[in-house]
Amino acid sequence: MSNNKFSVKYCVLLPVVLIVTILLWALPVSAFGIAELTVVQQRVIALFVFAALMWIFEIIPNWTTSVLVIVIALLTVSNKGIGFFCKPEFGTLVDYKSLMAAFADPVVMLFLGGFVLAIMAEKYGLDVTLARFLLKPFGTNPKMVLLGFLIVIAVFSMFMSNTATAAMMLAFLAPVLAVLPADDKGKIGLALSIPVAANLGGIGTPIGTPPNATAVKFLAEAGQEVTFGAWAVRMIPFVIIMLLVAWLLLQFFFPFKSREIKLAIPENTRKRDWKTIVVWVTFIGTILLWATEQWTKINSNIVALIPLGVLTATGIFTKDDIKEINWSVLWLVAGGFALGTCLQGTGLAKVLINAIPFGSMSVVLVLIVAGLVCYFLSNFISNSATAALLIPILIVVAEGMADPAAANNAQFVALGGTQAMISFIAVCASIAMLFPISTPPNAIAASTGLVETKDMTRVGLIIGIIGFVLAYFWLTKIFPFA
């Protein structure tokens, strides 16, 4: 780090972050203008702002910010924190075990399994072989290889967990990065293609991501059933447009220096012994189980532990290989989950949502405000948790506006009605990708060591804005469900 950067970070940015955080922490609760807000919830707001600013400016490594967030939360908003700070009269406190459990969240376990697969794939040459097979149709032009990554990841994400897809594609990315020069900015674009394509691809089908399934479920309960085909026909074209936008955006910000990418398979001096066969079978078996989760009913997070169990038990994954796991990314993700636990455990999420007077707003304003709230929350807590919080509330709001006697009924129907509103909210949850903790695929991109938070935030914000505007017009004007 240069002296100038060091000075700016620690002499300017850090004091600013601390002043803003302390101000939010110390203000009277009434200053926020939210009637139901408690002291504990106010602390969580301050903690959120602190974490967001620290992640954006990267004053200290992102994973250390996450650890610091968990420690501060345990001390100040948990039921086993500092005595005079953590009194019941200050508001609902978070169970300290649930905060500590962030380090072993099921998604963290999925990451662990993904890293094990990636390490073994590289060690036994699977990564180069499979990457060459998947990307062969896209040639050797780096721009087309980038497009290939976006398409392949998006297609996988339509039918299996976004996180599982990203974990799998991490193995395929390594050999491509290896053939590019160290100073080629295109490497950053390739790394960012993982979260961008995984998040966008999941929008394409009802099973692609939990918010879609939540939307379809509540719509069906409200008598507005949306079939798999009806969703896919409308949303896959939207995904294609957004992927093309992302492709152009990544090329603009991170142009390739190289003119060609050749994935030459190095001569394999290793004999094809039983270990190689076990690694191949485990790798393919894990991917098949991820892809067929809706039929096998085995959760993708559990599937991710199968390679860890098989490969450690057979002695293929050794104690030396454990050192290769990117533990800093696991801790980074844990911090994001801990923030989500604080948001929900203290009741802050519901308070913020209930503070918005949806019932007295115009239809357009309801859609825009609800979409923005969903987008904001999804950058800090899981997409599925955000959808589970918002959609039940908005279904009630939508049914009220769908009543023929409602004053705004004509405008509501003209904008696509209940189906447009709820599906729009599901899309807003998926386009939230500002920080490494926003979605697990973002964290996987951060694990490559190539992506700075500012790059992720810049690309994520532009895709979020374009996706938000396009989704609004797509679902209310261009291709509504009604």
Results of side-chain hydrogen bond (donor to acceptor under 3.5 Å, both in side chains) for Asn62 - residues two or more places apart only: Thr453
Using atom types as modelled and distance alone, determine if a side-chain donor or acceptor of Arg43 lies under 3.5 Å from a backbone N or O of Thr76. yes
Between Trp25 and Leu47 (side chain of the first, backbone of the second, donor and acceptor by atom type, cut-off under 3.5 Å), is there such a pair? no
Under the side chain to side chain donor-acceptor pair (under 3.5 Å) definition, can you give me all pairs with a residue in residues 324-336, not counting sequence neighbours? Asn326-Ser328
Counting the benzene-type ring for Trp, do Tyr375 and Phe468 have ring centres under 6.0 Å apart? no
Lys9 side-chain N/O to Glu58 backbone N/O, donor-acceptor pair under 3.5 Å: yes
Give me the ring orientation class for Tyr472 and Phe424: parallel if the planes are under 30° apart, tilted from 30 to 60°, perpendicular past 60°. perpendicular
Side-chain donor-acceptor contact under 3.5 Å, Asn212 with Thr209: no
Closest non-hydrogen contact found for Val196 with Ala246 is CG1-CB, 3.5 Å
Electrostatic pair Asp184:Lys187 at N-O distance under 4.0 angstrom: no
So, Asn409 side chain and Ala402 main chain: donor-acceptor pair closer than 3.5 Å or not? yes
Test item: Gln42 side-chain N/O and Phe32 main-chain N/O as donor-acceptor pair under 3.5 Å: no
Report yes or no: does Gln411 contribute a side-chain atom to a donor-acceptor pair with the main-chain N or O of Asn408 at less than 3.5 Å? no
Shortest non-hydrogen contact from Ala426 to Pro211? CB-O, 3.8 Å
Do Ser66 side-chain atoms and Leu332 backbone N/O form a donor-acceptor pair below 3.5 Å? yes
Closest heavy-atom contact between Cys86 and Leu75? SG-O, 3.4 Å
Test item: Arg458 side-chain N/O and Leu434 main-chain N/O as donor-acceptor pair under 3.5 Å: no
Taking Asp105 for the side chain and Ala334 for the main chain, is one N or O donor matched with an acceptor at less than 3.5 Å? no
Can you tell me how far the CD1 atom of Ile241 sits from the CD1 atom of Ile236, to the nearest 0.5 Å? 12.5 Å
What about the rings of Phe435 and Phe380, do their centers lie closer together than 6.0 Å? yes
Ala349 to Leu389 - nearest heavy-atom pair and separation: CB-CD1, 3.5 Å
Taking Asn199 for the side chain and Ser430 for the main chain, is one N or O donor matched with an acceptor at less than 3.5 Å? no
For the student: nearest non-hydrogen atoms of Asn162 and Gly202, plus distance: OD1-CA, 3.8 Å
Could you report the tightest heavy-atom contact between Thr165 and Ile153, atom names first, then the distance? CG2-O, 3.6 Å
